[in-house]
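Since this is a predicted model, take the numbers as computed values, not measurements. For ligands, and for the atoms within them, numbers begin at 1 and follow the listed sequence.
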Amino acid sequence: KSLPYFSRGEVVRGFGRGSKELGIPTANFPDSVVEHLPGDISTGIYYGWACVGSGDIHKMVMSIGWNPYYKNTKKSMETHVIHTFKEDFYGQILSVVMVGYIRPERSYDSLDALIAAINHDIEEAKRNLELPEHLKLKEDNFFRATA
Ligand code: ADP
Ligand code: MG
């Protein structure tokens, strides 16, 4: 089993799918980071911890999906940090640890249904991350190592 899985990389522009307009911005990792994902990490929704640069460590949800830009032959990793930032952080280093899996990817009949599902994921992530075994990973040296 590949969890917990630690990963770090520069935040790059996504596909401009307007996640921010939905109120749920997702920070994208470059291909080089995505290519390192172990083969047994399936697509779907994960939760864990994230930090931007040397900033505070926040809860996060991450979608690992098939990347439409590459005709679904490559994966993408998109992290929504559960925190309100004053500014965008393109070009900064995002560090994450994925600690648990919520559900597989699926398509939704409406935008409202999609947003409801994501908000549900966020609540589940917040709750699960309070478990001692998960809180422990927030303190991992990974987040304090100099990148
Ligand atoms: P893109 O298609 O470029 O990924 P999004 O609409 O998904 O555009 O917005 C993602 C960007 O929003 C991130 O790269 C980051 O700079 C910024 N951002 C601001 N707040 C957050 C947050 N809480 N979680 C993730 N990204 C955020
Ligand atoms: Mg995005």
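One of the N, O or S atoms belonging to Thr26 lies under 2.8 Å away from the Mg ion (ligand 2).
Backbone and side-chain nitrogen or oxygen atoms of Lys20 are examined, and one is located within less than 3.5 angstrom of a nitrogen or oxygen of ligand 1. Residue Val81 has at least one N or O atom closer than 3.5 Å to an N or O atom of ligand 1. Geometrically, ligand 1 and Thr26 share a nitrogen or oxygen pair separated by less than 3.5 Å. Of the N or O atoms in Val11, none lie within a sub-3.5 Å distance of an N or O in ligand 1. In terms of polar-atom proximity, Arg13 is not counted as a contact of ligand 1, lacking any N or O under 3.5 Å from an N or O of the ligand. Taking distance alone, with nitrogen or oxygen atoms compared against 3.5 Å, Gly14 approaches ligand 1 more closely than that limit.
The number of heavy atoms from other shown groups lying within 6.0 Å of NZ (Lys136) does not exceed 12.
Within ligand 1, counting atoms from 1 as listed, the ones closer than 4.0 Å to a heavy atom of His83 are 23 (N). Taking every non-hydrogen atom of Thr79 and a distance limit under 4.0 Å, the qualifying atoms of ligand 1 come out as 25 (C). Proximity to Phe15 (heavy-atom distance under 4.0 Å) selects the following atoms of ligand 1: 2 (O). In the vicinity of Asn28, heavy-atom distances shorter than 4.0 Å reach the ligand 1 atoms 4 (O).
Annotation: side-chain contact (heavy atoms from CB on, under 4.5 Å) contacts of Asp40 (sequence neighbours excluded): Ser2, Pro38. The side-chain contact (heavy atoms from CB on, under 4.5 Å) search around Phe85 returns Val52, His58, Val81, His83, Phe89, not counting sequence neighbours.
Selection from Tyr90, Phe85, Phe89 by nearest heavy atom to atom 18 (N) of ligand 1 gives Phe89.
Cation-pi geometry between Arg8 and Phe142 is satisfied (NZ or CZ under 6.0 Å from the ring centre, within 45° of the ring normal).
Ligand 1 lies nowhere less than 4.0 angstrom from a heavy atom belonging to Ile24.
A donor-acceptor contact shorter than 3.5 Å links the side chain of Lys59 to the backbone of Lys126.
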Worked check of side-chain contact (heavy atoms from CB on, under 4.5 Å) between Thr79 and Met98: CA-CA 10 Å; Thr79 304; Met98 294 155 58; over 6 Å; no
